[in-house]
**Student:** 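Next up is a structure, given as structure tokens.
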Amino acid sequence: MDAIKVKNLPCTESVAIVIFGITGDLSHRKLIPALYENAKSNHLPQPFYIIGFARRPWDDQKMREVLSQAIRDFARTQPVDEKVLNQLVERTHYIESAFQDRAGYTQLSKLLSDLGIKNTLFYLATPPSEYADIVEKIGQSDLEFCPGGWRRIVVEKPFGHDLKSAQLLDESLHAVFHENQIYRMDHYLGKETVQNILAFRFGNGIFEPLWNRNNIDHIQITMAESEGVGTRAGYYDRAGVVRDVFQNHLLQLLSLTAMEAPAVFSAKAVRDEKVKVLNSISDIKGKSAIKNTFRAQYVSGTINGERVPSYRDEANVDPGSITETFMAARLFVNNWRWAGVPFYLRSGKRLPKRVTEIAIQFTQIPLTLFDQPNLAGDAPNVLVLHIQPDEGITLFLGAKVPGGAMHIEPVEMRFSYAETFGDSHPDAYERLLLDCLQGDATLFNRSDEVMEAWRLTQGIIDAWESQGLENLPVYEAGTQGPHGADDFIMRHNRRWRKIK
Ligand code: BG6
């Protein structure tokens with residue numbers, strides 16, 4: 001993968017990032033610390049301005065104080081370099097305005113022109129309900145275009161609540177911006193280990209001949225979290241796992257695992273290949289969606305020695321909620337490479353550990369030489385891409401245990417990121433912010449990709465809604481998940497990998 005470098009930006013031209021909703025959590029925890037890290041490693045174009053736009057009655061001074069604190073609290077590299085921090089925050093400005101108020105945008109336009117800024121990145125870090133209004137006002141104020149410079153917009157997830165609202169949001173965006181100005185964020189694509197899926201697959205020759213239906217029995221993609229819904233229940237109770245992570249992170253991981261090699265490493269070629277994967281996934285709706293998915297909700301249990309409440313008892317969750325906090329799905333990519341190979345996807349809150357991994361389960365040997373059945377286990381060869389934590393790759397093999405008898409045990413060959421490269425690598429937002437400043441959309445979702453992902457997700461949502469359940473299966477927090485999910489995969493003689 002390319003090292004991060006500022007490619008297209010003349011470093012002498014001013015650039016501004018305008019953050020709508022700068023007073024919120026995303027800005028403080030992610031965006032501002034990421035900009036600081038980029039400034040510290042000299043990757044930001046100069047001069048670089050941060051313009052905050054939000055409703056709170058702040059002024060420039062107040063914003064500088066809050067941003068400085070955010071950097072001190074959340075910067076990845078500590079202790080903070082005060083000189084870099086001061087240089088970054090001294091070029092910040094705040095516009096106090098409602099998102100619907102034209103006057104705020106007029107003020108923004110004047111500020112950009114007073115500062116002589118042509119290149120501007122708009123960042124939507126507000127609740128999604130504000131997106132369409134902001135985009136419309138940007139258009140009405142002619143801010144989407146600047147002769148001799150560039151204007152781009154970053155849209156955070158969730159991109160819509162369902163297929164219809166995603167289409168409407170897309171229409172609002174396209175009414176003002178060209179597709180090549182729009183950067184739809186999925187922070188999973190900024191993770192080093194997610195990008196490494198491509199490097200691993202297309203930078204090495206030895207795996208490609210095995211990477212298909214002839215040698216792979218099935219693929220398991222797991223995104224487990226030990227956290228509950230925290231303070232986000234208002235959003236989560238309307239979303240569930242299916243909207244929160246299946247529609248985006250899980251389907252992205254699947255696309256990268258299953259895609260063909262792009263002809264070149266360009267945004268168009270990579271995204272063309274990813275979207276082909278989503279196009280090839282058979283429609284999953286109605287009875288087929290019910291048969292090929294499983295959902296459940298957590299009840300109280302113990303995680304890391306701490307008692308945690310049931311989902312229905314969390315603050316701001318409807319006590320009769322049937323929102324799923326766990327889901328599993330079985331999908332098929334209907335092309336020549338993958339026909340007949342199931343992709344099992346699962347994700348849940350309040351599982352024992354935060355683990356994201358992709359496990360490629362190779363087929364069993366054709367005949368056992370050593371005994372019956374294969375002493376190395378019924379599934380000896382698994383290649384696991386550890387996305388987080390303990391980032392790395394493990395290949396499981398059967399090996400003879402020293403001694404007189406032919407005992408075979410599973411052993412591991414492991415590559416660890418931390419051991420090889422050290423354990424401090426850029427956060428996803430550091431990488432993704434630089435990419436949009438540089439105009440590289442490879443790691444952002446294109447319109448057709450998002451719509452395809454929603455097409456699949458909508459089929460599942462509709463099927464679940466028409467099921468009219470009053471209660472969902474449950475699982476105890478801190479356990480491996482619902483028993484029903486084990487039965488779900490066992491039906492086809494497979495087992496989930498343990499979350500550990
Ligand atoms: C977000 C989801 O997109 O991803 C959260 O909305 C989830 O519910 C988070 O916790 C997980 O991200 P990460 O980077 O911690 O794996």
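Read the numbers this way: they start at 1 and go in the same order the structure lists the ligands and their atoms. We number each residue from 1, following the sequence as shown. In this text the structure is predicted, and so the values were computed from the model without any measurement.
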**Student:** With atoms numbered from 1 as shown, which atoms in ligand 1 lie under 4.0 angstrom from a non-hydrogen atom of Met223?
**Tutor:** 11 (C)
**Student:** Could you check which of Lys157, Arg243, Glu225 puts a non-hydrogen atom nearest to atom 11 (C) of ligand 1?
**Tutor:** Glu225
**Student:** Taking only heavy atoms of Lys191, which atoms of ligand 1 are found under 4.0 Å from at least one of them?
**Tutor:** 13 (P), 14 (O), 16 (O)
**Student:** Can a non-hydrogen atom of Thr356 be found less than 4.0 Å from any atom of ligand 1?
**Tutor:** no
**Student:** Identify whether NZ of Lys or CZ of Arg in Lys191 sits under 6.0 Å from the centre of the six-membered ring of Tyr188 and within 45° of that ring's axis.
**Tutor:** yes
**Student:** Got the closest protein heavy atom to atom 8 (O) of ligand 1, with its distance?
**Tutor:** Asp244 OD2, 2.6 Å
**Student:** Return yes or no for this condition: an N or O of Gln388 is under 3.5 Å from an N or O of ligand 1.
**Tutor:** yes
**Student:** Under a 4.0 angstrom heavy-atom cut-off, which atoms of ligand 1 come close to Lys349?
**Tutor:** 5 (C), 7 (C), 8 (O), 10 (O)
**Student:** What protein heavy atom is closest to atom 15 (O) of ligand 1, reported as residue, atom name and distance in Å?
**Tutor:** Arg354 NH2, 3.0 Å
**Student:** Tell me: protein heavy atom nearest atom 12 (O) of ligand 1, and distance?
**Tutor:** His187 NE2, 3.2 Å
**Student:** Using a strict threshold of under 4.0 Å (side-chain N to carboxylate O), is an ion pair present between Arg184 and Asp170?
**Tutor:** yes
**Student:** Are any of the side-chain nitrogens in Arg494 or Asp217 under 4.0 Å away from the carboxylate oxygens of its partner?
**Tutor:** yes
**Student:** How about Arg354 and Gln388: does a side-chain donor come under 3.5 Å of a side-chain acceptor?
**Tutor:** yes
**Student:** What distance separates Leu443 CG from Arg271 CZ, expressed to the nearest 0.5 Å?
**Tutor:** 9.5 Å
**Student:** Regarding His218 and Arg330, is there a side-chain donor-to-acceptor distance under 3.5 Å anywhere?
**Tutor:** no
**Student:** Under a 4.0 angstrom heavy-atom cut-off, which atoms of ligand 1 come close to His249?
**Tutor:** 1 (C), 3 (O), 4 (O)
**Student:** Would Tyr188 count as a contact of ligand 1 if the rule is a heavy atom under 4.0 Å away?
**Tutor:** yes
**Student:** Check whether any heavy atom of Glu227 sits under 4.0 Å from an atom of ligand 1.
**Tutor:** no
**Student:** Test side chain to side chain contact (heavy atoms under 4.5 Å, CB included) on Leu385 and Thr193 and set out the steps.
**Tutor:** CA-CA 8 Å; Leu385 309 180; Thr193 38; over 6 Å; no
**Student:** Could Asp318 and Arg312 be called an ion pair, given the rule that one side-chain N must be under 4.0 Å from one carboxylate O?
**Tutor:** no
